[in-house]
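This report concerns only the one structure given below.
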Amino acid sequence: MNVELYERIWMWAASALIVLFLGTIIVMSAVQAVSPQSHLETIDPSSIATNPEFGSPGVKPGPDGGVVVSVVAETFDFSPNPIEVPAGKPVTFRLTSADVIHGFEVVGTNANAMAIPGYVSQFTVTFPKAGEYLIACNEYCGLLHHNMTAKLIVRKEAP
Ligand code: CUA
């Protein structure tokens, strides 16, 4: 069978791209331990009020001198609000929702996750600079979705 050179180039190029993309996914998931944001950690949304962690959401000391922030999203508020965290230290957010799906986006940063009822979403970020950030719900959750915001205060650490 005679395949034109031009066509052969495209076939090889397309195959190379598929191998490259698949390889990237495999390497990233192995090396960077990429996992679904939910971590497959489940929680009963009806028992959040009595949950040892999310019953009293807030900022607690975490590993590496950082903090762990437990956040409950519920129409149309985040708890706690405001959230105060140190600058230059790892901040681990743990999010869940008491009712419907909400978003949790620290505007102007790459901190962005969904708060899904029944699941705990977790991610860790470091805010290099002190300042105030807007936290916005970016999943439509009801009539007052546009009002669902909170304030993140990043404090400069005392030396
Ligand atoms: Cu919560 Cu939109």
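This one's a predicted model, so the numbers in the text were calculated from it and none came from an experiment. Start at 1 and go down the list; that is how both ligands and their atoms are numbered. In what follows, every heavy atom counts, from backbone to side chain, and hydrogens, waters and symmetry copies are set aside. Count residues from 1 along the sequence.
How far CD1 of Ile135 is from CE of Met148: 10.5 Å, rounded to the nearest 0.5 Å. A distance of 9.0 Å separates OG1 of Thr75 from CG of Leu144, quoted to the nearest 0.5 Å. Taken to the nearest 0.5 Å, the CD atom of Glu105 stands 5.0 Å off from the CG atom of Asn138.
Around atom 1 (Cu) of ligand 1, the protein contributes the following N, O or S atoms under 2.8 Å, ordered by chain and number: His102 ND1, Cys137 SG, Cys141 SG, Met148 SD.
Taking Phe76 as the reference, nothing meets the ring pair (Phe, Tyr, Trp, His ring centres under 6.0 Å) condition, with sequence neighbours excluded.
Using a 4.5 Å heavy-atom cutoff, the side chains of Val72 and Ile48 are in contact.
Aromatic ring orientation, Phe93 versus Phe104: tilted (interplanar angle from 30° to 60°).
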